[in-house]
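Here the structure is a predicted model, which means the values were calculated and not measured. Residue numbers begin at 1 in each chain, while the letters A, B, ... track the order of the sequences.
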Amino acid sequence: MDQFLENLNDAQREAVIFGEGPLLVLAGAGSGKTRVLTHRVAHIVARGDAEPFEITAVTFTNKAAREMRERAETLVRDGRGLGGAFLGTFHRWALEVLRRWPEAAGLPRRFSILDPDDQRALMTRLLKEERIDTKDHPPRAVLGRISGHVNRMEGVERLEARSGDNRAQITARLWNRYTKEKKALGAVDFDDMLAQTLDVLRREEVVRKAVMRRARYLLVDEFQDTNKLQMKMLLTVLAGGGNITAVGDEDQSIYRWRGAEMDNILGFEKHFAGAHIVSLERNYRSTQPILEASGALIAQNIRRHGKTLFTEQDGGEPVRLFVADDERHEARWTVDRISELESEHGLGEMAVLMRTNAQTRPFEEELMRRRIAYRVVGGLRFWQRAEVKDALAYLRQVVRPDDEVAFRRVVNVPARGIGAATIDVLKKHAAGAKALLPVAARDLPESLMPRARVALGRYFELLDEAQSQREILDPADFVGWLLETTGLLGLYDGDEEEKVVRRENLRQLASAVAEASAQGQTLEDFLDGVALFEDSDEETSPDVVRLMTLHGAKGMEFDVVFVAGMEDGLLPHANSREEEEGVEEERRLAYVGMTRARRWLGLTAARRRFLFGQSQNTQLSRFLLDISADQFEDVSDQPWQMAPSDEPEEFGTVVASRGRHQQRSAGSADSAPPIPSRRSTGRKIGAVVTDGSGVGWRPGDRVRHRRFGTGVVLSCRGRGPQLQLVVYFDRGGRKTLVPTIAKLEKL
DNA sequence: GCTTGCGGTATTTTT
DNA sequence: TACCGCAAGC
């Protein structure tokens with residue numbers, strides 16, 4: 001009766017045909033998660049269980065939303081179609097509510113959206129006004145803290161209550177100011193979109209009912225990445241008896257830093273009584289060796305349901321490990337492999353994944369040198385480029401004349417002689433008039449310097465003319481006109497590479513507007529899409545090597561994958577090493593990277609890396625110890641074997657070590673020195689060395705470890721965060737530990 | 001009001 | 001290293 005069930009395995013089918021009630025699909029990497037989602041949507045429609053408009057499917061990324069829409073539409077092409085169903089990101093879902101009922105949220109009709117740049121600019125301004133040193137409280141850090149509280153649904157009061165805590169007090173003060181300011185500006189940031197929507201859903205029955213009607217079947221992708229706020233939104237909407245289908249994989253939860261709560265997926269049955277759970281464990285993506293190595297890695301995590309992926313295809317290339325001398329060597333080796341593998345797989349089927357954006361550079365240089373086409377995915381985004389943002393600000397100013405954020409950004413771009421002093425005068429005037437800056441500025445107050453007054457007058461004439469041109473011209477021509485007339489394009493006259501690129505970017509923006517309008521979007525729709533990062537089409541030139549972060553790679557797959565920078569400090573990242581939870585998340589990140597590979601997987605590291613402005617010795621990632629030596633092939637010039645089972649029972653405990661230095665150290669008392677660096681090996685025995693948190697250590701110190709009990713320090717290696725101690729425990733024998741990570745206590 | 005250059009500093013991931 | 005903010009000079 002329905003053709004959607006034919007190409008599914010038993011578990012997939014079970015999930016697809018499941019009827020009403022809560023359903024959790026634990027979908028391992030490459031197990032056909034999107035397939036299940038799309039087929040389930042198609043099945044529901046085909047069986048007539050619900051009308052398309054009663055289906056809401058939310059994803060975490062635009063990419064996923066796009067893919068789901070395309071694939072689901074293909075499936076139901078012959079049927080009634082999917083029109084009316086909502087398939088989009090959480091933020092899009094929320095934005096549509098706020099756009100439709102702005103007054104319910106106390107927002108103006110054309111409220112604007114603050115992107116991270118706008119937020120930072122605003123926070124910087126507030127810090128100045130509050131006379132708080134941006135060095136002690138960097139705007140980004142303050143915003144990060146606020147965002148954390150919002151996503152965990154903690155109110156300001158809670159922060160204010162921490163009376164002894166100075167930082168909390170300052171954060172609370174700024175948070176209040178920030179909230180007020182956004183309200184005055186008629187603007188929302190990303191978090192507000194969700195928070196205010198939840199608010200409206202709870203308060204306004206009309207809105208809630210309307211949203212519920214459209215979510216009789218509510219499907220949630222990447223459920224492991226939902227945070228408390230999102231969970232509350234789901235619960236609120238489901239209170240009307242909707243049916244939730246959550247699809248996710250706790251092993252791929254990589255957004256803890258953004259508030260993702262693994263408890264949402266790990267404790268699904270607690271939130272949804274009587275939930276039915278289906279596990280998808282058959283992997284269709286990767287070869288046996290890739291699955292085994294990644295499976296061994298992730299098995300070390302404690303917080304998981306625990307599934308074991310299997311595949312029915314056997315054989316395949318072994319996973320390669322290459323330890324390079326430095327990051328350039330790492331890039332060279334990687335690109336060598338890329339050229340070898342190109343004929344078999346094609347450039348478009350290869351990707352180099354890394355922890356941080358900054359790591360792309362040596363790879364870019366090497367690829368460029370070898371004239372191999374590549375593309376950095378998600379790096380500096382097109383929409384974040386200054387010239388594009390300026391152009392967008394003009395568009396925002398046209399769409400919403402009282403958009404103060406946009407006004408501040410472009411009133412003096414190109415330079416018109418309206419600088420900080422003028423803005424100060426205008427601010428005073430606006431405060432008196434109780435109006436937003438761009439509105440008050442229209443008065444051209446007497447208090448302005450004559451020159452500024454004239455300049456400002458011209459600016460508003462320009463805007464007024466833009467308004468009328470907008471009526472006359474089609475959107476693409478209008479943008480062209482605007483770029484020309486504002487002088488934005490003129491800023492980049494000349495033959496310099498950079499200027500040519502910028503002009504090209506502006507032209508691209510114009511064509512993006514054209515495209516959007518061809519699809520029936522208004523300028524307002526277009527700007528919303530931009531604000532939500534709904535990048536039109538990233539994939540215009542498919543046959544190129546992709547360079548991207550591990551986060552950016554989620555949901556993708558390639559024949560050939562390199563995970564670069566397998567070093568402690570990078571993966572796991574130094575900022576996440578301190579707590580167990582952080583390390584587990586980093587391990588998941590490594591796991592996500594490895595499981596992107598279908599046929600060929602390479603793991604690379606560098607012994608020395610240029611970081612923080614200088615070349616530093618590195619340590620092999622502890623995650624390589626999670627994978628047993630026979631699960632990969634070390635193809636380094638000088639192989640670095642892993643320590644034999646010095647048992648990694650507790651992470652953060654055993655340090656990646658050995659290799660070619662093993663012979664030398666084998667007989668010595670303090671066996672197994674961690675990858676020695678030239679600098680640290682010279683350290684005198686007996687000297688006090690400080691660890692990452694400033695505690696001093698020396699051989700002979702008595703220590704306590706929460707597992708191994710008491711012991712004595714035999715020797716120290718490295719210093720600072722790199723400091724490793726060899727400790728002889730009364731029970732448990734000799735261990736190599738990083739004191740800050742192992743939470744070693746000095747007695 | 002704008003531009004330049006200096007020095008200090010912070011380096012994760014993104015809807 | 002690379003960026004940013006700030007101060008001094010135009």
Roughly, in whole Å, what's the span from [atom1] in [X] to [atom2] in [N]?
| X | N | atom1 | atom2 | answer |
| --- | --- | --- | --- | --- |
| A:Met548 | B:dT13 | CE | C1' | 14 Å |
| A:His137 | C:dC4 | NE2 | P | 21 Å |
| A:Asn227 | B:dT15 | CG | C1' | 11 Å |
| A:Gln230 | B:dT14 | CD | P | 17 Å |
| A:Gln359 | B:dT12 | CD | P | 12 Å |
| A:Leu570 | B:dT13 | CG | P | 10 Å |
| A:Arg125 | C:dG5 | CZ | P | 15 Å |
| A:Phe60 | B:dT13 | CZ | P | 16 Å |

Item checked: Cationic tip of A:Arg409 above A:Tyr394 ring, under 6.0 Å, 45° of axis ->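 So A:Arg409 doesn't make the cation-pi contact.
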Which nucleotide in the set [options] lies at the smallest distance from any side-chain heavy atom of [X]?
| X | options | answer |
| --- | --- | --- |
| A:Arg258 | B:dT15, B:dT13, C:dT1 | B:dT15 |
| A:Asn357 | B:dT15, B:dT13, B:dC2 | B:dT13 |
| A:Asn575 | B:dT15, B:dC2, B:dT12 | B:dT12 |
| A:Thr549 | B:dT12, B:dT15, B:dT14 | B:dT14 |

Next item on the list: Can you run down the ring-ring contact (aromatic ring centres under 6.0 Å, His included) pairs that involve residues 404-428 of chain A, sequence neighbours left out, and say none if there aren't any?
Entry: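 Matches after skipping sequence neighbours: A:Phe407-A:Tyr459.
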Item checked: C1'-based separation of C:dG5 from B:dT12 [nearest Å] ->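 So the two C1' atoms sit 23 Å from each other.
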Note to self: Is there a side-chain contact between A:Asn62 and the phosphate of B:dT14, meaning an N or O under 4.0 Å from OP1 or OP2?
What the structure shows: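 For B:dT14, neither OP1 nor OP2 has a side-chain N or O of A:Asn62 closer than 4.0 Å.
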Next item on the list: Answer yes or no: does a side-chain N or O of A:Ser576 lie under 4.0 Å from OP1 or OP2 of B:dT13?
Entry: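 A:Ser576 to B:dT13 OP1/OP2: no side-chain N or O under 4.0 Å.
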Notebook entry, point to check: When the ring planes of A:His149 and A:Trp175 are compared, do they come out parallel, tilted or perpendicular, using 30° and 60° as the limits?
Noted result: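 A:His149 and A:Trp175: parallel rings.
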Can you confirm whether [X] sits close enough to [Y] that some side-chain heavy atom of one is under 4.5 Å from a side-chain heavy atom of the other?
| X | Y | answer |
| --- | --- | --- |
| A:Phe60 | A:Tyr255 | yes |
| A:Glu524 | A:Arg110 | yes |
| A:Asp115 | A:Lys389 | yes |

Check: Stacking here means centres under 5.5 Å and planes under 30°; does A:His573 stack on B:dT12?
Finding: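 Stack criterion met.
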Check: Do we count A:Trp257 as stacking onto B:dT12 if the rule is ring centres under 5.5 Å and planes under 30°?
Finding: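 So A:Trp257 does not count as stacking on the base.
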Item checked: Sugar-phosphate only, base, or nothing, as touched by A:Arg361 at under 4.0 Å among non-hydrogen atoms ->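 Answer is sugar-phosphate: A:Arg361 comes under 4.0 Å of backbone atoms only.
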Next item on the list: Identify whether any heavy atom of A:Phe90 sits under 4.0 Å from a base atom; if not, whether one sits that close to sugar-phosphate; answer base, sugar-phosphate or nothing.
Entry: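 Nothing: the residue A:Phe90, judged by heavy atoms under 4.0 Å, touches no strand.
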Next item on the list: Using the closest heavy atom to pick a nucleotide of DNA chain B for each, name whichever of A:Ala452 or A:Pro138 lands nearer the 5' end.
Entry: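 Its nucleotide being nearer the 5' end, the pick is A:Ala452.
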Checklist line | A:Glu586 vs A:Ala415, nearer the 5' end of DNA chain B by closest nucleotide | finding: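 The answer here is A:Ala415.
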